[in-house]
Structures are given as C-alpha cells and as structure tokens.
J.: 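There's a structure below that I have some questions on.
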There are 4 protein chains.
Amino acid sequence: MLDAAVRVFGRRGYRAASMEEIAELAGVSKPLVYLYLNSKEYLFTVCLRREAAALKAAVLSGAADAEPGGSVERRIWSVLMAFFTHTTGNPDGWALLHRQARTHGEPFAAEVAALRAELTRYVTSLITTAPTGPRTPRAATALAHALVGAAESLADWANTTPDATAHEAARTLLRLTHPSLPPHD
Amino acid sequence: MLDAAVRVFGRRGYRAASMEEIAELAGVSKPLVYLYLNSKEYLFTVCLRREAAALKAAVLSGAADAEPGGSVERRIWSVLMAFFTHTTGNPDGWALLHRQARTHGEPFAAEVAALRAELTRYVTSLITTAPTGPRTPRAATALAHALVGAAESLADWANTTPDATAHEAARTLLRLTHPSLPPHD
Amino acid sequence: MLDAAVRVFGRRGYRAASMEEIAELAGVSKPLVYLYLNSKEYLFTVCLRREAAALKAAVLSGAADAEPGGSVERRIWSVLMAFFTHTTGNPDGWALLHRQARTHGEPFAAEVAALRAELTRYVTSLITTAPTGPRTPRAATALAHALVGAAESLADWANTTPDATAHEAARTLLRLTHPSLPPHD
Amino acid sequence: MLDAAVRVFGRRGYRAASMEEIAELAGVSKPLVYLYLNSKEYLFTVCLRREAAALKAAVLSGAADAEPGGSVERRIWSVLMAFFTHTTGNPDGWALLHRQARTHGEPFAAEVAALRAELTRYVTSLITTAPTGPRTPRAATALAHALVGAAESLADWANTTPDATAHEAARTLLRLTHPSLPPHD
DNA sequence: GATGAATGAGGTTTCATTCAT
DNA sequence: CATGAATGAAACCTCATTCAT
C-alpha cells in the first residue's frame, strides 16, 4: 500500500497525486487508505521517511560492506555502488526523494534537506582527508555539493537511460574524482 | 505578467500555484490572464520556454564573450560564469526550470529534458577534446551528465547559501574538472 | 449500551453522534451495536422511546404518590417534584428528549410531540378545574403550553445552574401558578 | 441567499443541512455560497447573528413603541406583542435561534445563551419591580427562566398551531403573569 | 456469537475557467 | 478592452454499514 503511494507520489508529485489513484493502484478502497494513514499529508510523510531511511540504510550498509583494511578509494567505491544500486532498483522512491519532496512546502523540503545535508557532510569529510583537496571548509562544502549533485544527476541518468547500470554510474563518478585510478571491476 | 507567473510557478510548483495568485501578483484580473495566455498549461509552457531561452542565451553569450584566441579552459570559465550568474540573478526562473518543470507530466518534462540534452551534448563535446578524457562516447555522455548535475547542484547551493557568489560556484566546478589549474580571479 | 447511546446522542445530537463513539463508550464493538439495534435511526428511536417512557413513568408515579385525599395543589406539587427530580437526575435523557429529538426530521419530532401533547392535555385538565382558570378550551390549551414550556425551561436551568435543585424548580413553577400559596417544605 | 440558509439550517439543523441544498434553494451554485460566505461554519454564524440581531431589534422597537406615560403592564404588552409578532412572522429564524443553535457545539450555543441571558436579565428586572414578586435574586432569576421558557413555548405553539396569532400568545402569557388584568384589545 | 477489516455514498471545499457587462 | 460574478468538476475526507473469520 505504501508502495503504491510512493509510486504515485514519485511520478505525479504531491499535489497531482490523488488518493483515488493511490487506492486504486494498491487495489483497495479510498477509506482504507485513510484508515491506515490518516491523511494525504501524513501518507506523504510516511512515504518520505520510509524512502529516506531505506536510502540511508543502503548507503550505510554499503560502507560497512567494504573490507576493513581496504583503501579509501575502495570504500568510496562501495558507497557509490550501494547508492546507485539502490536508486536504480527503486526509481520511484528516488524520484520521490530527489524530485517531489523538494518541490513541496516546508515540512517536507526540510526533511529531505536534512538527509541531503547529512550526505553532504559525509562527502565533505571524505574530501577533506584527501591530500589534494580544497583548503578551506567553505570550498570543501561547495565541492561536496557539486559531487552530490553529480551523483544525483547520474542516478537520474541511470534511471532514464536504457541498459545503464549502477556500476556504470559509480565508475563515472569515481573517475571524475579520481582520474588516475584504473577502472574498477 | 510572465514575471509574476514565473515567480509563483517557481516557488509553489505547477499544481499548487493558483491563477488567482498569479493574477494578483501581476496586478491584473484573472480574465486578462486568460485573454493573453489561454490556459494554465499554456501559461506554464510560455514561462518554461521563456526561461529556457533566457538561460540558453545567457550561456551562449558567455561562450561568445570569451576571447577568440583564448584557451579552452578560458572558454569553459566564461560559460560557467555566465551560467551561474544567470541562475543566481534569476532564482525563480531557475527553480522553474530545474525543479518545477521536471516534476511534472510529459509535455513539460520533455521540453526541459531537451534543453538539458542540448547542454549535455555541448559538455560532452568539451570533454571529448580533452586528452585525458573518457575514451568511449557512452562514457563521455555519462560524465557530461555528472558534470551538468554538479553545476545544477551548485546553482541551487549558490541560491540558498548566504553570500555565495556565481564566481565561487564557477571556481568550485572548474577546480573539479581541472584540479591542476590555478584559481581564477 | 443504550445508556451510552443516550449519553452520546444527548450531548452531540443525532447527526454529530457517531456509532463509533457510542460503541466505544459502551465498551463493545460496532458490529455488536448493529446486531442488537439495526441502524442508527432505530437506535435513536429506541433511546427516544426509552427516555419518553421513563419520564412518563416518573411523572405518573409522582402523581400516584400523592395522598389520595390531598388537595389538588398537593398533587400538582408531587407531579412537579417527580418531573424535576427525573430531569435533574437524568440530564442526558432530558437533553435527548427536549433538545435533540425535536431538532430532527419528522419521525422523531412527531414522537416527542406526542409525548408533549399528552403532558399538555394533562396540564390542561388541571387548569380547567381551577375556578379562576381560562374560560375557553383554546385558551386553556395555550396556557398549558406556556406552563409546559416554563417547566422545560426550569429543567434546563436546574441542569445548568450549579446547586440548583429539583425542589427549587418545582417551588418556582408552583409559585407562578399559585402565587398565594405558602412556600412548600 | 442568507434567507435560504436560515431556512435550511432552521429546518434541518446544522449537521443535517447541506451546502448543496442551501445553494439550490437560493438558486445559485455551491461555489458562489463559498465565495460570499467562507465556510459552512461561518455561514451559520452569520445566520445566527442576523437572526439574533433581528429578534433583539424587534423586541427593543416594541419596547420603544409603548407610550412614554403608560403603565408597566402596557409596556410588557408591547414587548410581548413585538416578540411574538417577530417569531410568528419569521418561523425559520426562530427555529434557528431557539432550536438549532442551542444543540450545537460551544461557539454557537454560547452566543445564543448570551442573548437569552440578556432577555432573562430584562425579565428579572421587570419581575423584581412588581410588589408581589419574589423576594430573593435567586428566586427572581429562576422565575424569569420559567417565564422565558413559557414565552418560547408559546412561540413554538403559535408557529405550529393553525390560525394561532401573536396576539393570542401574548394574551396567554400576560394572563399568566397578571391574572387579574382584563383581556387586552 | 463477536469482531477486524473493508467500502459506498455523500459532504465540504477549491480551482481553472467563462460570460455579461 | 477589462472585469465582477458565477460555475463544473474534482479533490480530500468521514461515516453508517457489512462481510469473513
């Protein structure tokens, strides 16, 4: 039932999505949706939180999967793969997070902004450790924003381009940040 | 009158924007809006095209401003400066293009996708000329998508961060693609 | 279970009362309410009839309690005391009868009107026996309506005024109709 | 348009009244009702205030119409005639005030309670000046409540009894309070 | 026998859109 | 030409009511 909501919200946007369509897609009746999820706003909030948590969990699990003794590049690679694998495997959730939730009034935009800020901080920390990285915190933050945007754009690209893979997206981004690295598996 | 529409559409989104608010902000009456612009959909289309054309013109003019004999890096710098100067100077138009138009059903998303494709092709061509660039067209396209996304994200960052400048955004992006270059003025 | 219904109906009114709240207050589930009382309309009818019968029984028992050889005034006093004792002891039932049932479409209003007519006829008969009473039946009926209204208003007053007693209400009404009588106990 | 609302509210009650029926009876469309009167609640408030003001104005004008040098009884008669003339000439408004507004949640019940309290205070003052009246303020208030209730009941009686007149209602009530008085014109 | 789970019908409210002036 | 006045269509939400267990 939440799946249906994520799909409709992700495709149509909050305003254009109708509870009727969500209910229909879920194969239930409108009142049932209201029984479980009290209002359209609340339903959207639940979807948003679920997708945010899922994305976060995927990325963290990717970071954890990297071998403990591995290089920084290896860890970055794991995170990127986890990120793109999640977004390509869950395009509606990704659209909800990246596109729809941000075009909406304060409570929602703030929530996704917080998630994005968390990610940006993480990227900033990765950048700062690099020897050739930016020298001021401000520059690091700006660069992190650029990289996050690049990742987001690649996620969209992978979702709209036929036979584009998460692997391809990850490799593209890694080659941008580490031009000298040999191509990964 | 279009200014008002761009502002309201850019801030509220297509569905949440009401013709009433647009007319009010423009200082005219609703029927007048319908007289000049036949429907909400058409009004949005006109806004979208105007902003797309304005952005394109700004970028092209930036490209033309570069001295004929200058280096490629110099030309890139001009384009970036033109792009970020335009987006920071016209945040509502930028929000309309980048955020609102893409969250919407096919006619609009396709239009902005076309604009984006044009830009991506241009970036692809720039990339391919570089000696250390990607070796396959597919890889070049993917990288171009990443760079366009980085630029978009920086435009948003510049619009939401106090005292962030177009210059700073351009410098950040250029440093990402040309790490060895000395900082530009 | 009917107690719960009377309470909710008496406080909220027919339309504003929800079967959910009634079932909850009764400590049972909604389908059980429907099993015993077929519909909201029927449930209301049953409540209405029960309260009407209870009020009628209370008044008649009051009339019967008066000593057989007593004066008319004494009998009136007994009836008044019985009436106000019942309404103050059962405010929700009284509200249901006097306020909610009458604000509602024909089947209910008619039923409570019948009860009221019965009471009015009784009062009319009391009035007509008095030597100084009205001379025409029509005038007697009108006066009876006035007195019934006075009693109803006093019942409401007693229910909303802190430390107002049935005794006080009865004394007030009796003094209105028999100004020369000494105050009762 | 308010007339239609008063009529529907007065007959059906707040909850049972539908904006559809009000609009239909007024001969306009639903959105127009919302254009002029923002919500059902606000519409009801406006109706309530209008009827309260009209009733108050009618009664005050009746009081003012009495000849300056006339007796107290004469003034009372004028007020009663004004009251009953208004209620019989405006049965829906009377039903709205007396029946529907009081069965409804706090904002409305309080408003009509204030009106009723004003009237009750006025009656109390009339009572207290009479030589044979009650001796304590509490008793006077209680008696005033009884008389107000009697008047309300007579108003209902006059509205539901064929060929009952305001004159008849006023005479009935006056004879209740002043049994010795000769019948008025 | 009692209930958790589900729905049909209807109510309030909004909004893009159009005439008559 | 410009607008005040008006509406059709559709959205969100609620509630009396019923099955399958």
Side-chain angles (χ1 to χ4, degrees), chain A residues 1 5 8 12-24 26-44, chain B residues 1 5 8-9 12 14-24 26-44, chain C residues 1 5 8-9 12 14-24 26-44, chain D residues 1 5 8 12-24 26-44:
Chain A
M1 191 149 123
V8 175
R12 298 248 189 280
Y14 180 77
R15 292 291 295 242
S18 87
M19 295 299 267
E20 178 108 22
E21 187 179 357
I22 292 174
E24 223 161 77
V28 297
S29 69
K30 243 187 313 177
L32 195 61
V33 182
Y34 280 93
L35 189 64
Y36 286 95
L37 302 149
N38 305 311
S39 68
K40 193 185 187 182
E41 191 143 343
Y42 184 65
L43 171 56
F44 190 73
Chain B
M1 188 150 124
V8 173
F9 278 137
R12 299 245 189 283
Y14 180 77
R15 291 295 291 240
S18 85
M19 297 298 268
E20 178 109 20
E21 186 178 359
I22 292 174
E24 217 161 86
V28 298
S29 73
K30 249 186 304 179
L32 196 62
V33 181
Y34 278 90
L35 189 65
Y36 283 85
L37 301 145
N38 305 312
S39 69
K40 192 184 188 183
E41 192 143 342
Y42 184 64
L43 170 56
F44 191 74
Chain C
M1 191 151 125
V8 174
F9 278 138
R12 299 244 190 281
Y14 180 77
R15 291 296 291 241
S18 83
M19 297 298 268
E20 179 110 20
E21 187 179 358
I22 291 173
E24 217 162 85
V28 298
S29 73
K30 251 189 302 181
L32 196 61
V33 181
Y34 278 90
L35 189 64
Y36 284 85
L37 301 146
N38 305 312
S39 70
K40 192 187 190 184
E41 192 143 340
Y42 185 65
L43 170 56
F44 190 74
Chain D
M1 192 149 123
V8 174
R12 298 248 190 279
Y14 179 78
R15 294 291 295 243
S18 86
M19 296 299 267
E20 177 110 23
E21 187 179 358
I22 292 174
E24 223 162 75
V28 297
S29 70
K30 247 186 310 178
L32 195 60
V33 181
Y34 279 92
L35 188 63
Y36 286 95
L37 301 148
N38 306 311
S39 70
K40 192 184 188 184
E41 191 143 342
Y42 184 65
L43 171 56
F44 190 73

J.: Using the closest heavy atom to pick a nucleotide of DNA chain E for each, name whichever of B:A16 or D:M19 lands nearer the 5' end.
T.: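 Of the two residues, D:M19 wins.
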J.: At what distance, to the nearest 0.5 angstrom, does CZ of C:F44 lie from CG of C:L37?
T.: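 Answer for the CZ-CG pair, C:F44 versus C:L37, is 13.5 Å.
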J.: Reading 5' to 3' and counting Watson-Crick or G-U wobble pairs with both distances under 3.5 Å, write the dot-bracket notation for DNA chain F, | for bases paired outside the strand.
T.: .||||||||||||||||||||
J.: Over 60° means perpendicular and under 30° means parallel, so tell me whether B:Y14 and B:F9 are parallel, tilted or perpendicular.
T.: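 The rings of B:Y14 and B:F9 lie parallel, inter-plane angle below 30°.
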J.: Taking for each residue the nucleotide of DNA chain F bearing the nearest heavy atom, is the 5' side occupied by B:L32 or by C:K30?
T.: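 Comparing both residues, the 5'-ward one is B:L32.
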J.: Keeping to residues at least two apart or across chains, list the side-chain hydrogen bond (donor to acceptor under 3.5 Å, both in side chains) pairs with something in residues 27-40 of chain B.
T.: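 Matches after skipping sequence neighbours: B:E20-B:K30.
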J.: Quick one: how far along DNA chain E does chain A reach, first to last nucleotide 5' to 3', anything under 4.0 Å to a heavy atom?
T.: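 For DNA chain E, the relevant span reads E:dA6 to E:dG8.
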J.: Roughly, in whole Å, what's the span from OH in A:Y42 to C1' in F:dC12?
T.: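 To the nearest whole Å, that distance equals 18 Å.
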J.: How far apart are the closest heavy atoms of D:V8 and D:A17, and which atoms are they?
T.: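 Minimum heavy-atom contact is CG1-CB, 3.6 Å.
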J.: Looking at every non-hydrogen atom in both residues, tell me the closest pair between D:M1 and D:V33 and how far apart they are.
T.: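 Nearest heavy atoms, D:M1 then D:V33: CE-CA, 3.6 Å.
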J.: Between D:S18 and A:R15, which residue's closest nucleotide on DNA chain E lies nearer the 5′ terminus?
T.: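 In this pair, the answer is D:S18.
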J.: Scan D:Y36 against the nucleic acid and name what it touches under 4.0 Å (heavy atoms): base, sugar-phosphate only, or nothing.
T.: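 D:Y36: backbone/sugar contact only, no base atoms under 4.0 Å.
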J.: Tell me the interatomic distance from D:L35, atom CG, to F:dG4, atom C1', rounded to whole angstroms.
T.: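 Between C1' of F:dG4 and CG of D:L35: 10 Å.
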J.: Specify the separation, in whole Å, of atom CD1 of A:I22 and atom C1' of F:dA11.
T.: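 Those two atoms, CD1 and C1', are 12 Å apart.
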J.: Can you name the nearest heavy-atom pair linking C:L43 to C:A5, along with the distance?
T.: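 Minimum heavy-atom separation between C:L43 and C:A5: CD1-CB, 3.8 Å.
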J.: Given that A:S39 and C:E20 both sit by DNA chain F, which one's nearest nucleotide is further toward the 5' end?
T.: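 In this pair, the answer is A:S39.
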J.: Could you check whether A:A17 gets within reach of a base, just the sugar-phosphate, or nothing at all, counting any heavy atom under 4.0 Å?
T.: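 Contact class for A:A17: sugar-phosphate only.
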